[in-house]
Amino acid sequence: MRKLVYVILTSLAVALVGCVTINVYFPEAAAQKAADQFIGNVLDQAAPATPAPKAPQPAAKDAGQQPSAMLLDLLVPAAHAADTPDIRIRTAATDAISDRMQGRFQGALGDLLDSGAVGFTHDGMVAMRDAAKVPLSQRAQANATVADENRDRTALYREIANANNHPEWEAQIRATFAKSWIEKAHAGWYYQNAAGAWQKK
């Protein structure tokens, strides 16, 4: 009987551990929340910085608890955590990128977006939409501003993926941010729809 119980508990433990280690997927809802927070801070400087979330602490164990129950208590919270992952967006690199982006949105890039010369693309970048809206003498600087912004955006998406130890998430992070940039665009700014056509917010 004791051997049967041992075999059952061992099988259960292996199954639960398998769920924990195999269930690695892109946390879309957490990524969307992170993108909204980051972009809201860049565009409006209104969202306060928040520290990285702490890992949940296991509840205190009863000293008289059976080993099998303790094993389940250890494994089940871990399995639940895999179903509700978080995503890290605050690093020294992303903070520096955020500061540079804020400066551009408060200056040259904000002016270009307000004029309609530049808009948000459907792939998470910015692009010159109507160069004629920029005086000829200022076009080189406008193109440099767009290039600087896109360089930072590319670095941001890569840094977030790497900070979460999942470089393969970079394309999904970019897509998530692309959606959020467009949703949070100010009235009057241009953005591309899924087909690549420009629309005014």
Show your reasoning for whether side chain to side chain contact (heavy atoms under 4.5 Å, CB included) applies to Gln102 and Asn41. CA-CA 8 Å; Gln102 283 181 16; Asn41 189 47; 3.3 Å; yes
Checking side chain to side chain contact (heavy atoms under 4.5 Å, CB included) for the pair Asp95/Thr91: CA distance, chi angles, key distance, verdict? CA-CA 6 Å; Asp95 284 349; Thr91 68; over 6 Å; no
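- Using a 4.5 Å heavy-atom cutoff, the side chains of Arg174 and Thr154 are in contact.
- For the atom pair Asn164 CG and Ile87 CD1, the distance stands at 4.5 Å (nearest 0.5 Å).
- Here the CG atom belonging to Asn150 is positioned 4.0 Å from the CE atom belonging to Met125, to the nearest 0.5 angstrom.
- With values rounded to the nearest 0.5 angstrom, Met128 atom CE is found 13.5 Å from Thr121 atom OG1.
- Between Ala127 and Val146, the shortest heavy-atom contact is CA-CG1, 4.3 Å.
- With a 4.5 Å cut-off on side-chain heavy atoms, Phe120 and Trp189 count as touching.
- The minimum heavy-atom distance linking Leu113 with Gly119 is given by the pair CD2-CA, 3.9 Å.
- No path of Ile, Leu, Val, Met, Phe, Trp and Tyr side chains, each step under 4.5 Å between heavy atoms, connects Val42 with Tyr190, placing them in separate hydrophobic clusters.
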Report the C-alpha separation of Phe38 and Met101 in whole Å, then their side-chain angles, then the decisive distance to 0.1 Å, and conclude whether the side chain to side chain contact (heavy atoms under 4.5 Å, CB included) test is met. CA-CA 11 Å; Phe38 182 94; Met101 286 182 168; 3.9 Å; yes
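- The pair Lys33-Asp36 does not count as a salt bridge, with every side-chain nitrogen at least 4.0 angstrom from each carboxylate oxygen.
- Counting heavy atoms from C-beta on, the side chains of Tyr157 and Gln172 never come closer than 4.5 Å.
- Using a 4.5 Å heavy-atom threshold, the side chains of Asp152 and Asp148 count as separate.
- Aromatic ring centres of Trp198 and Tyr191: separated by at least 6.0 Å.
- Side-chain contact between Gln32 and Ser180: present, with at least one pair of heavy atoms (C-beta onward) separated by less than 4.5 Å.
- One distance of note links OG1 of Thr176 with CD of Glu28; it measures 6.0 Å at 0.5 Å rounding.
- Cation-pi geometry between Arg153 and Trp181 is satisfied (NZ or CZ under 6.0 Å from the ring centre, within 45° of the ring normal).
- One distance of note links NZ of Lys184 with NZ of Lys201; it measures 9.0 Å at 0.5 Å rounding.
- At least one side-chain heavy atom of Phe177 sits less than 4.5 Å from a side-chain heavy atom of Leu156.
- For the pair Pro27 and Asp86, the minimum side-chain heavy-atom distance is 4.5 Å or more.
- For Thr94 against Glu159, the heavy-atom pair with the smallest separation is CG2-CG, 3.5 Å.
- Taken to the nearest 0.5 Å, the CG atom of Asp111 stands 11.0 Å off from the CD atom of Gln106.
- You'll find the side chain of Thr145 reaches within 4.5 Å of the side chain of Arg104, heavy atoms only.
- Nearest heavy-atom pair, Gly124 versus Ala178, reported as atom, atom and distance to 0.1 Å: N-CB, 3.2 Å.
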